[in-house]
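Order of the sequence lines sets the chain letters (A, B, ...), proteins ahead of strands, with each chain counted from 1. Side chains are part of it too, since the values below use all heavy atoms of this structure and drop only hydrogens, waters and symmetry mates.
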Amino acid sequence: MKGRGLAHYPVSVQGAGLRQERGRILGRRFFARDVHQVARDLIGATLLYKGAGGHIVEVEAYHHTDPAAHSYGGRTERNAVMFGPPGHAYVYRSYGIHWCLNFVCEEEGSASAVLIRALEPTQGLAAMRRRRRLKDERLLCSGPGRLCQSLGITRAHNGLALDEPPFQVFARTSRMDIVTGPRIGISKAAERPWRYGLKGSPFLSRPFRASG
DNA sequence: TGCCCGATTAACT
DNA sequence: GTTAATCGGGCAA
């Protein structure tokens with residue numbers, strides 16, 4: 001069955017979530033690696049902003065050699081943070097409405113980043129529900145715009161280091177079952193399977209086709 | 001300056 | 001399945 005959104009996932013999957021897990025703090029060294037490796041390793045990691053957030057279950061990789069990346073056409077005022085050192089937040093306005101959060105990777109000038117697309121909420125649920133005016137936990141952080149709204153992330157956070165307050169990123173503590181597929185909402189280089197997700201998670205922004 | 005369009009979402013049919 | 005909402009970046013003129 002196809003279905004968009006989350007409704008087709010069995011409710012029982014919720015009990016198989018990642019609650020409780022939280023490893024070491026991830027800093028610049030973690031992000032200063034190949035963007036695809038970082039993307040994979042971020043699945044199951046914990047992202048907190050002022051104590052609210054949860055486990056990362058879906059990301060996408062972007063690289064400056066990639067026509068779909070903001071950095072593809074060279075450095076501009078908007079994407080300047082992408083060209084800076086790894087381990088920093090790149091936040092941009094999407095469709096004139098939403099904010100989207102990226103983690104800068106590789107090395108200075110590489111202009112690669114991982115888009116954070118979905119979290120399994122675990123911390124600060126009440127604050128997130130208040131900001132989203134929503135009760136359904138599944139819809140709290142299931143999308144790049146949604147999670148920024150839940151956490152309260154805006155342009156003001158563009159360029160902030162990820163290993164300093166108000167951000168905290170913790171490593172995962174166990175092996176993850178990772179699936180891949182085409183990235184969402186792009187027209188260029190749409191065939192590249194640079195979207196990574198936690199297999200079977202009910203908190204994905206959209207399901208992955210089959211497995212891969 | 002003006003115009004087009006997008007790494008989205010929610011509310012529709 | 002479709003579309004409106006909404007606005008800043010990037011580029012042409």
Participant: Hunt down the Watson-Crick or G-U wobble partner of B/dA7, both distances under 3.5 Å, from any strand shown, or write none.
Facilitator: none
Participant: Could you tell me whether A/Arg129 and A/Asp136 make a salt bridge, using a distance below 4.0 angstrom between a side-chain N and a carboxylate O?
Facilitator: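 Looking at A/Arg129 and A/Asp136, the cut-off is not met.
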Participant: Under 4.0 Å from OP1 or OP2 of B/dA7: is there any side-chain N or O of A/Arg146 that close?
Facilitator: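 So the side-chain polar atoms of A/Arg146 never come under 4.0 Å of the phosphate oxygens OP1 or OP2 of B/dA7.
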Participant: Does a salt bridge link A/Glu58 with A/Arg195, judged by any charged N lying under 4.0 Å from a carboxylate O?
Facilitator: yes
Participant: Looking only at atom C1', what distance separates C/dG1 and B/dA7, rounded to whole Å?
Facilitator: 23 Å
Participant: Describe the nucleic acid contact of A/Ile97 in one word from base, sugar-phosphate, nothing, applying a heavy-atom distance below 4.0 Å.
Facilitator: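 If one applies the 4.0 Å heavy-atom cut-off, A/Ile97 turns out to touch a base.
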Participant: What nucleotide among B/dA10, B/dT8, B/dG6 has an atom nearest to a side-chain atom of A/Ile184?
Facilitator: B/dT8
Participant: At under 4.0 Å, does any side-chain N or O of A/Arg117 touch on OP1 or OP2 of B/dT8?
Facilitator: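 Indeed, a polar side-chain atom of A/Arg117 lies that close.
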Participant: Within this structure, what is the CG-to-C1' distance between A/Leu115 and B/dT8, rounded to whole angstrom?
Facilitator: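 For the pair A/Leu115 CG and B/dT8 C1', the rounded distance is 11 Å.
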Participant: For A/Val104 and A/Val81, which heavy atoms make the closest approach, and how far apart are they?
Facilitator: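 Heavy-atom minimum between the residues: CG2-O, 3.6 Å.
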Participant: What's the closest nucleotide to the A/Arg132 side chain, out of B/dT9, B/dA7, C/dG9?
Facilitator: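 It is B/dT9.
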Participant: Which is more 5' along DNA chain C, the nucleotide nearest A/His98 or the one nearest A/Glu77? Just name the residue.
Facilitator: A/His98
Participant: So if I take every side-chain heavy atom of A/Thr76 and compare against C/dG10, B/dA7, B/dA10, which nucleotide ends up nearest?
Facilitator: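 Among C/dG10, B/dA7, B/dA10, the one nearest the side chain of A/Thr76 is C/dG10.
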Participant: May I ask you to verify whether the side chain of A/Tyr92 and the base of B/dA7 hold a donor-acceptor pair under 3.5 Å?
Facilitator: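 Under the 3.5 Å cut-off, the side chain and the base do form a donor-acceptor pair.
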Participant: Side chains of A/Gln149 and A/Arg131 only: does a donor on one sit below 3.5 Å from an acceptor on the other?
Facilitator: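 No.
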Participant: Using a cut-off of 4.0 Å on non-hydrogen atoms, how would the nucleic acid contact of A/Arg78 be classed: base, sugar-phosphate, or nothing?
Facilitator: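 It contacts sugar-phosphate atoms only.
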